[in-house]
Amino acid sequence: METNEIIERLERQNYLMEKRYEILKSMICDLYDEVIPQKKVCPICKSEIRCYIPYGKPKMRYHAQCPVCLGAERERLLARYLELHWEDLTGHRTRAGEKIRLLHVAPELGFYKRFQDREDIEYYPVDFNPNYPYPIVKTVDITDIPYPDDSFDLIICIHVLQYVEDEKRGLEEIHRVLGHGGSAVFCDNVNPALEKTLEDKAYDTPKLREEYYGNAQYVRRYGRDYKERLGSVWGNEIVRYRVDDLDPEEIKNYYLRHGEELCIYTKQPAT
């Protein structure tokens, strides 16, 4: 058989496989719409979707990720919090007719698109990686933030601190650049089975970090003392926003993950 003939056969097979996949997908979608006509609405990107898709390593989680913005359970919790408490977080600026200065560390795609288009927000998406998947305004190490004191009204830092070697310095820098009356929203992977955060310099290889922290790039595995570790630098003005305190119907509608929580710190207004 000649090479051209082999290529033509393979292309024909690929076309048929793709066609069968599209037929099957169309049938499943039609069946789903017939049985469950009420579509879900992602709280991050506001897209109507049939379902959340599986996501996660090493164990796949069902109903985890929005197929449009790729936001997972933690981001949906953040979206709901921002939607319900936006005025509490930003009212000290908006009531004065001023724009909200928002520092977003390692921005998630859905929020990136959402905040970038807001005329009432001065948006500063930043990350440690200069080759971040989408444009950032500056490469930033949170242990050395290149902005003046009291620069921001709101700081969002989700799934970041567990990668930072000098945790205390990072929290001090966040406190420094946060303006009086402003808020910082933090969330990291917390293992509720751990009373105390697991952190050992002996776990200094990717293999050991994967084994003990659950990720080869983590430098610690947070336990139930996560809030207290933040408070050791920021003080006691930290509020928890927990999935388990929400209405069961809301948890079900947005497929939020039990045990997850946000920690919100508000810097006291200047006296």
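The distance from the CG atom of L102 to the CD1 atom of I156 is 5.0 Å, given to the nearest 0.5 Å. Atom CD of Q162 is separated from atom CD of Q217 by 10.5 Å, given to the nearest 0.5 angstrom. To the nearest 0.5 Å, atoms CG (L198) and CZ (R221) are separated by 9.0 Å. Here the CG-CD distance, from L84 to E250, works out to 6.0 Å after rounding to the nearest 0.5 Å. The line from SG of C69 to CD1 of I49 is 8.0 Å long, rounded to the nearest 0.5 Å.
Of all heavy-atom pairs between V219 and V164, the closest is CG2-O, 3.4 Å. Looking at every heavy atom in both residues, S183 comes nearest to T266 through OG-OG1, 2.9 Å. The shortest heavy-atom contact between K227 and R240 is CB-NH2, 3.4 Å. Residues V140 and P146 share a closest heavy-atom pair of CG2-CD, 3.8 Å. The minimum heavy-atom distance between L262 and C187, with the atom names listed, is CD2-CB, 3.7 Å. C263 approaches I238 most closely through the heavy-atom pair CB-CG2, 4.0 Å.
With a 4.5 Å cut-off on side-chain heavy atoms, F186 and I174 count as touching. Using a 4.5 Å heavy-atom cutoff, the side chains of N215 and Y163 are in contact. For the pair I142 and L161, the minimum side-chain heavy-atom distance is below 4.5 Å. Within the 4.5 Å cutoff, no side-chain heavy atoms of V126 are placed close to those of I145. Proximity of Y112 to P135: side-chain heavy atoms (C-beta onward) are separated by under 4.5 Å at one or more points. Using a 4.5 Å heavy-atom threshold, the side chains of Y52 and C66 count as touching. For the pair E261 and D244, the minimum side-chain heavy-atom distance is 4.5 Å or more. Here the side chains of T90 and D153 are not in contact, with every heavy-atom distance at 4.5 Å or above.
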Exercise for the section: Give the C-alpha distance, both sets of side-chain angles, the deciding distance and a yes or no for side chain to side chain contact (heavy atoms under 4.5 Å, CB included) between Y222 and E167. Expected result: CA-CA 12 Å; Y222 282 111; E167 174 193 68; 2.6 Å; yes

Practice task
Using the side chain to side chain contact (heavy atoms under 4.5 Å, CB included) rule, take R93 and R101 through it: C-alpha gap first, then chi angles, then the decisive distance, then the call.
Solution key: CA-CA 9 Å; R93 295 285 291 183; R101 301 164 300 177; 3.6 Å; yes

Exercise for the section: Verify side chain to side chain contact (heavy atoms under 4.5 Å, CB included) between I158 and F111, making sure each step is shown before the conclusion. Expected result: CA-CA 11 Å; I158 305 297; F111 290 111; over 6 Å; no

Handout entry: Intermediate values then yes/no, side chain to side chain contact (heavy atoms under 4.5 Å, CB included), H63 and K40
Key = CA-CA 11 Å; H63 309 296; K40 298 170 178 60; 5.9 Å; no

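Between R176 and E173, at least one side-chain nitrogen of the basic residue sits less than 4.0 Å from a carboxylate oxygen of the acidic one, meeting the salt-bridge criterion. K207 has no carboxylate O lying under 4.0 Å from a charged side-chain N of E211, or vice versa, which leaves the two without a salt bridge.
A continuous path of ILVMFWY side-chain contacts below 4.5 Å connects L82 to I264, so both sit in one hydrophobic cluster.
With Y241 contributing its side chain and L77 its backbone, the two residues share no donor-acceptor pair below 3.5 Å. Remark: the backbone N or O of H159 is not paired with any side-chain donor or acceptor of N189 at under 3.5 angstrom. Judged by distance alone, the side chain of T197 and the main-chain N or O of G223 form a donor-acceptor pair under 3.5 Å.
Around atom OH of Y132, more than 12 heavy atoms belonging to other residues, nucleotides or ligands sit under 6.0 Å away. For OH of Y62, the number of neighbouring non-hydrogen atoms (other residues, nucleotides, ligands) closer than 6.0 Å is 12 at most. The 12-atom threshold is not exceeded at OH of Y55, counting heavy atoms of other residues, nucleotides or ligands nearer than 6.0 Å. Other residues, nucleotides and ligands contribute more than 12 heavy atoms inside 6.0 Å of the NZ atom of K46.
Shown here are the salt bridge (Lys or Arg N to Asp or Glu O under 4.0 Å) partners of K267, two or more places apart in sequence or in another chain: D150. Residues satisfying the salt bridge (Lys or Arg N to Asp or Glu O under 4.0 Å) criterion with R209, sequence neighbours excluded, are E165. For D141, there are no salt bridge (Lys or Arg N to Asp or Glu O under 4.0 Å) partners, not counting sequence neighbours. Not counting sequence neighbours, E122 has no partner by the salt bridge (Lys or Arg N to Asp or Glu O under 4.0 Å) test. Under the ring-ring contact (aromatic ring centres under 6.0 Å, His included) criterion, F152 pairs with Y124, Y147, not counting sequence neighbours.
Ring geometry for H85 versus Y81: interplanar angle under 30°, hence parallel rather than tilted (30 to 60°). Between W86 and F115, the ring planes are parallel. Angles under 30° get that label, and only those over 60° would be called perpendicular.
Judged by distance alone, the side chains of Q116 and Y123 never bring a donor and an acceptor atom under 3.5 Å apart. Donor-acceptor pairing under 3.5 Å is lacking for the side chains of Y212 and D200.
Within the structure, every pair that satisfies the salt bridge (Lys or Arg N to Asp or Glu O under 4.0 Å) test and touches residues 60-79, not counting sequence neighbours, is listed here: R61-E73, R74-E260.
Put simply, the residue from V239, L154, I155 that forms a side-chain contact (heavy atoms from CB on, under 4.5 Å) with V185 is L154.
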